[in-house]
Amino acid sequence: NILVFCQSTLQQYKIVEMKLLAQQRDLQAKIPDIEKCLDIVATLQAKKALGEALTADFELSEGIYSRAKIEDTDSVCLWLGANVMLEYSCDEANALLKKNLENAKASLEVLVADLQFLRDQQTITQVTIARVFNWDVHQRRSKQAIKET
């Protein structure tokens with residue numbers, strides 16, 4: 001039955017849309033984090049160039065903060081996820097973060113395009129379902145009219 005096929009296709013589109021929306025939320029949360037890291041690395045480099053120390057407050061654990069004075073640093077540690085942290089020079093960290101930011105923004109653009117395509121397909125499928133249903137109703141009424149005459 002074409003109606004059942006279209007309805008199952010629509011459900012599949014909705015499942016894929018939910019997955020893509022979750023990926024979009026993750027990327028939208030990741031981009032500001034990357035930008036913040038880039039700003040921090042740039043601040044460290046600027047303070048080093050001026051010969052000044054950077055005072056930073058950081059969280060040790062939930063609700064417990066500490067203050068640190070960072071003087072003349074040549075490297076930063078970046079949290080890569082999956083319990084992995086690597087030490088990079090400031091220039092390497094800056095290049096890596098810029099590359100990650102570009103990749104995240106490009107992925108977000110692709111996701112937005114995919115979501116738009118998926119929404120178009122859902123609309124087309126919904127219209128198809130409505131047309132098939134209306135055609136089926138029309139056919140049944142025509143058959144019933146023929147039987148009555």
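As the structure is a prediction and not an experimental result, all values here were calculated from the model.
Separating the CG atom in D91 from the OG atom in S75 is a distance of 11.5 Å, to the nearest 0.5 Å. Distance CG/N94 to CD/E92: 11.0 Å, rounded to 0.5 Å. Atoms NZ and CD1, on K48 and I70 in that order, are 13.0 Å from each other to the nearest 0.5 Å. The line from CD of Q23 to CG of L115 is 9.0 Å long, rounded to the nearest 0.5 Å. In this structure, the separation between CG on L21 and CD on Q28 is 9.5 Å, given to the nearest 0.5 Å. The distance from atom CD of Q122 to atom CZ of R119, rounded to the nearest 0.5 Å, is 8.0 Å.
The shortest heavy-atom contact between T125 and C6 is CG2-O, 3.4 Å. When all heavy atoms are compared, the tightest approach of K47 to A53 is CD-O, 4.3 Å. When every heavy atom of L27 is checked against every heavy atom of L108, the shortest pair comes out as CD1-N, 3.7 Å. Across every non-hydrogen atom of I34 and L97, the tightest pair is CG2-O, 3.4 Å. Summarising the geometry of L111 relative to Q24, their closest heavy-atom pair is CD1-N, 3.7 Å, with the distance given to 0.1 Å.
Here side chain to side chain donor-acceptor pair (under 3.5 Å) pairs that include residues 58-67, with residues two or more places apart or in two chains, are D57-R67.
Linking ILVMFWY residues whenever their side-chain heavy atoms come closer than 4.5 Å, directly or via other members, leaves I124 and Y13 in distinct clusters. Follow the hydrophobic side-chain contacts under 4.5 Å out from L10 and you reach F133 in the same cluster. The cluster map of Ile, Leu, Val, Met, Phe, Trp and Tyr, joined by side-chain heavy atoms under 4.5 Å apart, puts L44 and L101 in the same cluster. Tracing side-chain contacts under 4.5 Å through hydrophobic residues (I, L, V, M, F, W, Y), one reaches L78 starting from L86; they form part of the same cluster. In the hydrophobic clustering of this structure, Y88 groups with V84; members are Ile, Leu, Val, Met, Phe, Trp, Tyr whose side-chain heavy atoms approach within less than 4.5 Å, directly or through other members.
Every residue meeting the side chain to side chain contact (heavy atoms under 4.5 Å, CB included) condition with K36, not counting sequence neighbours, appears here in chain and number order: I40. Taking the salt bridge (Lys or Arg N to Asp or Glu O under 4.0 Å) definition, one finds that E35 meets it with K105, sequence neighbours left out.
Its side chain within the 4.5 Å cluster rule, W79 clusters with M85 among the Ile, Leu, Val, Met, Phe, Trp and Tyr residues. Cluster partners of V4, using a side-chain heavy-atom cutoff of under 4.5 Å among ILVMFWY residues and allowing indirect links: none. Side-chain heavy-atom separations under 4.5 angstrom define the hydrophobic clusters, and M18 shares its cluster with no other residue.
Note on D26 versus K30: no salt bridge recorded, every NZ/NE/NH1/NH2 to OD/OE distance being 4.0 Å or above.
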If you apply the rule side-chain contact (heavy atoms from CB on, under 4.5 Å), what do you find for V41 with L38, and how did you get there?
CA-CA 5 Å; V41 171; L38 273 168; 5.7 Å; no
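Panel note: side chain E109, backbone A106; no donor-acceptor pair is recorded below 3.5 Å. With D136 contributing its side chain and V132 its backbone, the two residues share no donor-acceptor pair below 3.5 Å.
Contact of the D74 side chain with the S89 side chain is not registered, since no non-hydrogen atoms from C-beta on lie closer than 4.5 Å.
Within 6.0 Å of atom CZ in R131, 12 or fewer heavy atoms from other residues, nucleotides or ligands are found, so the atom counts as exposed in its surroundings. Around CZ of F117, the count of heavy atoms belonging to other residues, nucleotides or ligands within 6.0 Å does not exceed 12.
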